Number of protein chains: 2
Amino acid sequence: MDTVDGAPARRATRADVARYAGVSPAVVSYTVNAGPRAVAPATRERVLEAIRVLGYRPNAAARALKIGHTKMFGVVVPDSGNPFFVELGRVLEHTATAHGYALIVVNFDGPGHDVASSIRELALRQVDGMIVAAQVSMPTLNAISECGIRTVLINQFSAVDGVPSVGPDLYEGARTGVNHLIWHGHTNIGYVGEMGPPDVRERGWRDALTAAGLTAGPAAAAAFSREGGYAAGQKLVADDNRPTAIFVSSDFQAVGVLRALHEAGIAIPDEIAVVSFDGSPEAEYTWPALTTVQQPVAEMAEEAVERLVAPTASDDFSRYPTKLIVRQSCGCGMPA
Amino acid sequence: MDTVDGAPARRATRADVARYAGVSPAVVSYTVNAGPRAVAPATRERVLEAIRVLGYRPNAAARALKIGHTKMFGVVVPDSGNPFFVELGRVLEHTATAHGYALIVVNFDGPGHDVASSIRELALRQVDGMIVAAQVSMPTLNAISECGIRTVLINQFSAVDGVPSVGPDLYEGARTGVNHLIWHGHTNIGYVGEMGPPDVRERGWRDALTAAGLTAGPAAAAAFSREGGYAAGQKLVADDNRPTAIFVSSDFQAVGVLRALHEAGIAIPDEIAVVSFDGSPEAEYTWPALTTVQQPVAEMAEEAVERLVAPTASDDFSRYPTKLIVRQSCGCGMPA
DNA sequence: TTGAAAGCGGTACCAC
DNA sequence: GTGGTACCGCTTTCAA
């Protein structure tokens with residue numbers, strides 16, 4: 001018993017094509033790459049025919065070795081289950097594909113998988129550039145500079161020395177969201193954010209409140225997940241000083257907050273209003289639909305790959321403005 | 001003005017390491033790959049030191065060219081925005097990483113991007129294997145056999161000639177879901193499914209009904225998206241013969257159905273109960289939480305990768321049983 | 001235990 | 001317009 005297609009079936013190479021078409025390997029190259037030398041139409045046809053017959057496809061590894069680049073970008077994301085990163089991945093893929101690049105995306109939510117090792121892994125695979133969607137720490141920065149591969153930070157929240165980055169204006173975004181809640185007349189506005197070092201969004205929340213002469217409502221930090229948001233929501237509901245509105249720093253967590261409120265029998269937005277951050281597609285289909293501060297993911301992704309494709313000397317930080325998407329969870333009712 | 005790091009900085013190669021360590025290139029190879037020849041401890045140390053100093057990392061393209069494989073798998077998915085495929089991608093990545101493979105995932109929801117061309121694109125990049133998560137058609141099958149790359153079909157619903165595949169038992173799954181609704185006492189059970197050729201789940205829905213002596217409720221086909229589900233939900237709500245329960249063929253669409261019901265002011269599950277299919281993480285956080293027929297994504301992904309890593313001769317179809325996850329949308333109330 | 005050298009499959013220069 | 005050929009960086013056999 002043998003394999004189904006009995007043929008030993010070595011894949012056809014440039015040399016096979018050349019032999020079949022009766023030309024030199026060089027000419028095959030010229031035809032395939034439409035250059036750098038011109039090829040006579042008749043010869044060209046013969047080569048094309050040979051390629052068709054032999055089912056020839058150029059070996060990407062050989063080409064990469066010779067010309068020194070792979071036409072692949074690496075993408076590092078924290079958690080590919082987060083709808084925001086899902087959306088980011090989508091637009092990144094579309095843009096990269098449009099430029100002829102494929103994406104290797106690695107996420108480091110697995111065990112023993114941190115950002116730095118993900119970066120090194122990608123470097124080994126000779127990607128032409130990397131897009132890192134994570135808060136960078138020192139080891140990460142070291143990994144980036146060591147590997148010597150052009151990298152752009154996305155979803156980064158402030159300038160980082162020596163590495164170009166693009167990210168949303170978190171501070172203004174948070175203020176916009178909170179201000180909308182204030183506009184609705186709320187005076188006790190809570191906050192749900194990630195664990196870890198204090199976030200710019202939290203500052204935005206606090207500053208918006210202060211500017212309006214309000215004091216900060218209760219805040220809860222939780223894991224960056226639906227579950228985390230759920231736990232945080234429960235905490236806020238049980239708070240002695242239960243807020244009448246909550247600003248959540250991500251859609252991902254907001255979904256969990258919504259669930260906590262529903263389970264507690266709290267009417268949204270009448271008893272507690274919610275505004276979140278990100279503007280991912282999932283936010284449109286929660287109940288009630290989330291009013292959310294939207295990041296311009298597509299634009300940011302585009303700039304990120306553009307910066308990889310056509311590197312400029314500048315390594316500055318592009319800060320993108322956010323946009324408030326008004327739906328129902330804030331109390332604005334159905335759109336007209 | 002020059003680049004920040006003035007060095008021309010050619011990346012160190014095996015030859016540089018050899019020179020620095022005062023050994024031959026071969027020895028560098030032996031050290032790096034721990035074989036196939038042994039290296040004297042002292043020499044080994046010298047080489048390691050040189051590698052460290054020079055920041056040497058082997059060139060993956062050259063290695064791939066030489067040994068003939070890339071340690072990369074290609075993954076083809078229809079829509080990376082669908083939470084089911086998100087989850088699939090996650091587990092696929094974890095399993096593949098565990099086996100030392102990286103993933104290039106392409107999705108063909110973009111313009112001019114069909115399955116066949118995605119497959120060819122991956123073939124060009126010399127992936128060692130492919131996982132295709134799509135209903136395959138003739139052109140797809142042709143693309144697969146032409147490119148001569150080991151492929152396993154995942155999320156496939158029946159055996160396909162000559163290509164190994166793994167998928168859930170859609171028919172039994174659908175019956176399970178519908179039977180649960182029947183158990184709840186419903187007699188008018190509607191269906192929401194994808195556009196296109198009639199689906200096995202639809203048959204499961206119909207057969208379960210028939211077996212219980214019931215007639216099929218209204219059915220609506222819609223785009224495979226949240227929006228599609230929303231539209232289908234609206235249609236069913238407006239139906240002259242409005243069902244008291246709906247079986248939705250995917251969580252993705254069910255989210256939209258839920259929204260349509262909420263907007264129509266219909267109580268879920270009291271006025272209309274809902275059971276869906278897939279069991280993606282998102283389904284746990286809808287309101288009310290979706291009772292759903294869960295696919296064993298992790299197991300299926302694992303088998304798919306395993307079949308690529310250690311190809312067996314068999315090209316059969318592994319059908320996985322599904323599991324009913326009871327939550328609230330069916331009428332079962334809060335868990336104890 | 002180490003080294004020399006033959007490729008892997010392309011690219012593109014240089015000569016014709 | 002075409003062909004010969006020297007590399008790209010690595011793996012591995014074979015000889016020392």
Side-chain angles (χ1 to χ4, degrees), chain A residues 8-48 50-51 54-72 123-128 148-149, chain B residues 8-48 50-51 54-71 123-128 147-149:
Chain A
R10 188 180 53 83
R11 191 201 198 77
T13 74
R14 181 195 85 283
D16 300 323
V17 175
R19 202 173 312 119
Y20 187 98
V23 298
S24 84
V27 174
V28 177
S29 238
Y30 301 153
T31 339
V32 170
N33 305 335
R37 288 282 89 78
V39 176
T43 320
R44 190 184 132 76
E45 279 317 314
R46 277 216 317 289
V47 173
L48 257 22
I51 289 178
L54 269 33
Y56 166 76
R57 254 157 321 120
N59 181 319
R63 171 191 248 115
L65 172 58
K66 180 61 183 174
I67 65 185
H69 59 253
T70 52
K71 281 282 185 181
M72 294 192 311
L124 277 178
R125 295 191 180 270
Q126 323 286 132
V127 296
D128 294 341
I149 293 177
Chain B
R10 187 180 54 83
R11 190 199 197 79
T13 75
R14 180 196 86 282
D16 299 324
V17 175
R19 200 173 311 120
Y20 187 97
V23 298
S24 84
V27 174
V28 178
S29 241
Y30 302 152
T31 328
V32 170
N33 305 335
R37 288 282 89 78
V39 176
T43 320
R44 190 184 133 76
E45 279 317 315
R46 277 216 316 289
V47 173
L48 256 23
I51 288 179
L54 268 32
Y56 167 76
R57 255 159 319 125
N59 181 319
R63 171 191 247 117
L65 172 58
K66 181 63 186 176
I67 66 186
H69 58 252
T70 52
K71 283 282 185 182
L124 276 179
R125 295 192 179 269
Q126 323 287 130
V127 295
D128 294 341
C147 75
I149 292 177

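Here the structure is a predicted model, which is why all the values come from computation and not from measurement.
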What is the separation between atom [atom1] on [X] and atom [atom2] on [N], rounded to the nearest whole Å?
X      : N      : atom1 : atom2 : result
A:N59  : C:dC8  : CG    : P     : 12 Å
A:I51  : C:dG10 : CD1   : P     : 10 Å
B:K71  : D:dC10 : NZ    : P     : 18 Å
B:L124 : C:dG9  : CG    : P     : 16 Å
B:R57  : D:dC10 : CZ    : C1'   : 16 Å

Review point. Is the shortest heavy-atom distance from the side chain of A:V47 to the side chain of A:V39 under 4.5 Å?
Key: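 Counting from C-beta outward, A:V47 and A:V39 never come under 4.5 Å.
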
Please classify the nucleic acid contact of [X] as base, sugar-phosphate, or nothing, using heavy-atom distances under 4.0 Å.
X     : answer
B:A40 : sugar-phosphate
B:R44 : nothing
A:V23 : sugar-phosphate

Exercise for review: Report the C-alpha separation of B:V127 and B:I149 in whole Å, then their side-chain angles, then the decisive distance to 0.1 Å, and conclude whether the side-chain contact (heavy atoms from CB on, under 4.5 Å) test is met.
Suggested key: CA-CA 8 Å; B:V127 295; B:I149 292 177; 4.2 Å; yes

Review point. Which residue pairs satisfy the side chain to side chain donor-acceptor pair (under 3.5 Å) criterion with at least one member in residues 19-43 of chain A, sequence neighbours excluded?
Key: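 The answer is A:D16-A:R19, A:N33-A:R63.
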
Check your understanding: Quick one: does B:R125's side chain have a donor or acceptor within less than 3.5 Å of a partner on A:T70's backbone?
Key ->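 Between the backbone of A:T70 and the side chain of B:R125 there is a qualifying donor-acceptor contact (under 3.5 Å).
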
Atom of [X], atom of [Y] and distance for their closest heavy-atom approach:
X      : Y      : answer
B:A123 : A:R57  : CB-NH1, 2.9 Å
A:A62  : B:L65  : CB-CD1, 3.7 Å
B:K71  : B:D128 : N-OD2, 2.7 Å
B:T13  : B:Y56  : C-CE1, 3.5 Å
A:R14  : A:P25  : NE-CB, 3.2 Å

Practice item. Please check the phosphate of C:dG9 (OP1 and OP2 only) for any side-chain N or O of A:T13 closer than 4.0 Å. Key: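 For C:dG9, OP1/OP2 do not have a side-chain N/O of A:T13 under 4.0 Å.
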
**Study point:** Earlier contact from the 5' end, DNA chain D, for A:T43 and B:A12
**Key:**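 Taking each residue's closest nucleotide, the earlier one in sequence belongs to A:T43.
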
Review point. Quick one: on DNA chain C, does B:P41 or B:L65 contact a more 5' nucleotide (nearest heavy atom)?
Key: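 Result of the comparison: B:P41.
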
Check your understanding: End-to-end bend of the helix from C:dT1-D:dA16 to C:dC16-D:dG1 (five-pair axes, 10° rounding)?
Key ->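 Here the local axes at opposite ends form an angle of 40°.
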
Review point. Reading nucleotides 11-16 of chain D 5' to 3', which nucleotides get B (base under 4.0 Å from a protein heavy atom), which S (sugar-phosphate only), which -?
Key: BBBB--

